[in-house]
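Okay, so here's the structure we're looking at.
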Amino acid sequence: MLYQRGMITAPNVVLAGIVGSGKSSLAKSLYTRSLPFGRRVYVPGDPKGEHTAVAEAVGGKAIILGHGLRNRLNPLDEGHRPAAASDAEWAAQLASRRRDLIGALAETVLDRQLTPLEHTAIDLALADAVRSAPVPILPMVVDRILSPDPTDDPEHRLAEDGRLVGHALRRLVAGDLAGLFDGPSTVRFDPTLPMVSLDLSRVTENSTLISVLMTCSSAWMEGALADPDGGQRWVVYDEAWRLMAYPALLRRMDAQWRLARHYGIANMLIFHKLTDLDNVGDSGSAMRALASSLLANAETRIVYRQEPDQLGSTAAALGLSGTEQKLLPTLGIGQGLWRVKDRSFVVQHQLHPDELAAFDTTARMTGALALADWDSSAEGSAPCRIGAGSEACHGD
Ligand SMILES: Nc1ncnc2c1ncn2[C@@H]1O[C@H](COP(=O)(O)OP(=O)(O)O)[C@@H](O)[C@H]1O
Ligand SMILES: [Mg+2]
């Protein structure tokens with residue numbers, strides 16, 4: 001609304017707070033309450049699987065990925081073609097999108113930037129794979145990096161140049177991530193649904209691999225997102241601190257955030273503390289600058305409860321006053337300091353009892369009993385009183 005009135009110019013939201021402070025619940029309220037106004041919601045990677053029930057409740061779809069499950073997503077899918085693009089423009093867009101993605105995946109697994117030689121190895125392998133199949137899949141690219149077409153490699157040096165990249169990517173097709181992104185897609189991304197979420201909770205816990213998955217899945221959604229006629233949409237990165245540690249992902253996110261306004265997209269980035277952004281790259285590095293620009297590109301910054309050792313850095317990052325800073329450790333569940341551009345508000349997020357039942361992440365107990373309990377507790381008083389310790393209401 002503020003965006004429509006021109007009071008803010010960037011619709012992106014950054015939300016930080018300790019585990020159990022109510023971040024995900026706020027996100028779920030913000031996006032579900034916007035559905036009746038025609039907004040759509042995409043969650044490109046949900047490591048805890050906590051948006052799945054919400055997606056199903058609102059008539060959307062959750063795609064559950066995991067070892068031993070049938071679902072596959074091909075990150076090299078052509079995706080959605082904008083109506084305005086000519087054949088040549090489309091071919092160029094597609095080639096650069098695929099090149100960027102494979103490069104980002106390789107950098108994430110290698111945990112360093114690629115060399116020019118490695119970029120060339122990827123380029124030639126991709127071009128070769130595209131020639132051999134209309135929709136290439138990742139194993140073809142890996143094969144061609146490890147054993148390049150002899151006509152591309154008369155001096156037999158290309159294979160050597162691409163060896164490390166080839167083996168890094170091989171992890172996604174034959175290693176611990178095999179079976180998720182290594183074949184033709186078995187599901188379609190339907191951008192007309194009110195909500196689509198990628199549930200990664202069945203993927204074995206490992207931060208590098210989850211980040212790789214989030215890169216693949218956000219790229220997979222990107223084709224459909226990059227449509228200026230797609231209407232207004234939320235893209236929610238819950239548990240985003242997992243992404244922040246990877247420069248390649250950060251660069252992609254930064255590019256997406258810059259385009260957000262053009263495409264009618266509001267990004268929501270959820271993490272624990274603002275210093276998650278500081279852990280990116282060395283101090284003063286280009287990566288650190290990128291991380292700060294993500295923060296700068298969000299005119300709405302919501303700070304939930306912070307650990308005492310975080311207060312100084314949070315205050316510095318957001319330019320908080322002494323009073324605002326003192327407030328942070330006293331915030332209860334669902335309470336936050338909202339900084340909208342240069343104005344500050346203390347906001348209590350009121351969860352409707354039905355929202356609480358649908359969003360709850362503490363109740364490990366399942367089924368009607370759990371719901372009945374929550375209903376009765378919601379009847380008389382606030383279900384989770386402000387100021388309750390994080391033990392009473394934690395999410396992990
Ligand atoms: N505004 C709120 N009012 C009452 N209870 C809340 C509120 N927000 C969150 N909770 C409770 O706290 C629990 C943890 O919230 P969650 O959003 O998962 O925290 P986080 O994502 O910060 O770890 C939820 O399951 C819910 O029961
Ligand atoms: Mg959460």
Side-chain angles (χ1 to χ4, degrees), residues 1-4 8 10-15 22-65 71 73 79-80 187-201 213-240 242-243 252-253 256-257 259-271 294 297-300 302 334 349 351-352 354-361 395:
M1 232 102 45
L2 289 173
Y3 180 57
Q4 266 151 11
I8 53 174
N12 300 322
V13 176
V14 165
L15 169 54
K23 303 179 298 297
S24 299
S25 302
L26 177 65
K28 291 168 194 170
S29 283
L30 285 175
Y31 70 64
T32 51
R33 293 176 192 181
S34 76
L35 291 171
F37 300 98
R39 312 281 200 281
R40 295 200 181 86
V41 183
Y42 304 125
V43 185
D46 176 10
K48 291 187 184 168
E50 58 178 312
H51 297 270
T52 295
V54 186
E56 284 162 0
V58 300
K61 184 173 171 183
I63 297 166
I64 304 176
L65 291 175
N71 282 341
L73 302 183
H80 176 83
V187 275
R188 287 267 147 242
F189 176 81
D190 180 356
T192 63
L193 290 175
M195 177 167 176
V196 181
S197 168
L198 283 185
D199 181 332
L200 303 181
S201 62
L213 279 163
M214 287 178 89
T215 317
C216 283
S217 53
S218 60
W220 187 71
M221 286 189 175
E222 211 169 282
L225 289 177
D227 182 348
D229 303 323
Q232 289 188 315
R233 291 154 290 174
W234 278 113
V235 177
V236 180
Y237 296 89
D238 205 342
E239 304 281 314
R242 292 170 193 274
L243 296 172
R252 288 181 63 80
M253 271 181 113
Q256 283 176 19
W257 279 48
L259 290 171
R261 223 177 325 169
H262 176 67
Y263 292 140
I265 291 170
N267 293 288
M268 195 189 309
L269 193 61
I270 306 174
F271 47 102
L294 280 184
N297 259 306
E299 286 181 354
T300 306
I302 304 169
H349 168 216
L351 267 180
H352 187 277
D354 293 345
E355 286 184 311
L356 183 69
F359 300 168
D360 184 48
T361 51

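Just so it is clear, the model here is predicted, and its values are computed rather than measured. Residue indices begin at 1 and follow the sequence shown.
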Flag for His349-Ser25: side-chain donor and acceptor within less than 3.5 Å: no

Chi angles and distances behind the side-chain contact (heavy atoms from CB on, under 4.5 Å) call for Glu355, Thr32: CA-CA 9 Å; Glu355 286 184 311; Thr32 51; 4.2 Å; yes

Which heavy atom in [X] sits nearest to a heavy atom in [Y], and how many Å separate them?
| X | Y | answer |
| --- | --- | --- |
| Tyr237 | Pro44 | CE2-CG, 3.6 Å |
| Trp257 | Val14 | CH2-CG2, 4.1 Å |
| Lys28 | Phe359 | NZ-O, 3.2 Å |
| Glu239 | Pro47 | CB-CG, 3.9 Å |
| Leu269 | Ala240 | CD1-CB, 3.3 Å |
| Gly60 | Pro194 | N-CG, 4.1 Å |

Look up atom [atom1] in [X] and atom [atom2] in [Y], then write down how far apart they are to the nearest 0.5 Å.
| X | Y | atom1 | atom2 | answer |
| --- | --- | --- | --- | --- |
| Arg188 | Leu73 | CZ | CG | 10.0 Å |
| Lys48 | Ser24 | NZ | OG | 5.5 Å |
| Leu30 | Ile302 | CG | CD1 | 6.0 Å |
| Met195 | Trp234 | CE | CH2 | 12.5 Å |
| Leu200 | Ile63 | CG | CD1 | 10.5 Å |
| Leu15 | Met268 | CG | CE | 7.5 Å |

Keeping the roles fixed (side chain from [X], backbone from [Y]), state whether a donor-acceptor pair exists under 3.5 Å.
| X | Y | answer |
| --- | --- | --- |
| Asp46 | His51 | yes |
| Ser34 | Tyr31 | yes |
| Asn71 | Leu65 | no |
| Asn12 | Asn267 | yes |

Residues, nucleotides or ligands: over 12 heavy atoms within 6.0 Å of Arg33 CZ: yes

Worked check of side-chain contact (heavy atoms from CB on, under 4.5 Å) between Gln232 and Phe37: CA-CA 9 Å; Gln232 289 188 315; Phe37 300 98; over 6 Å; no

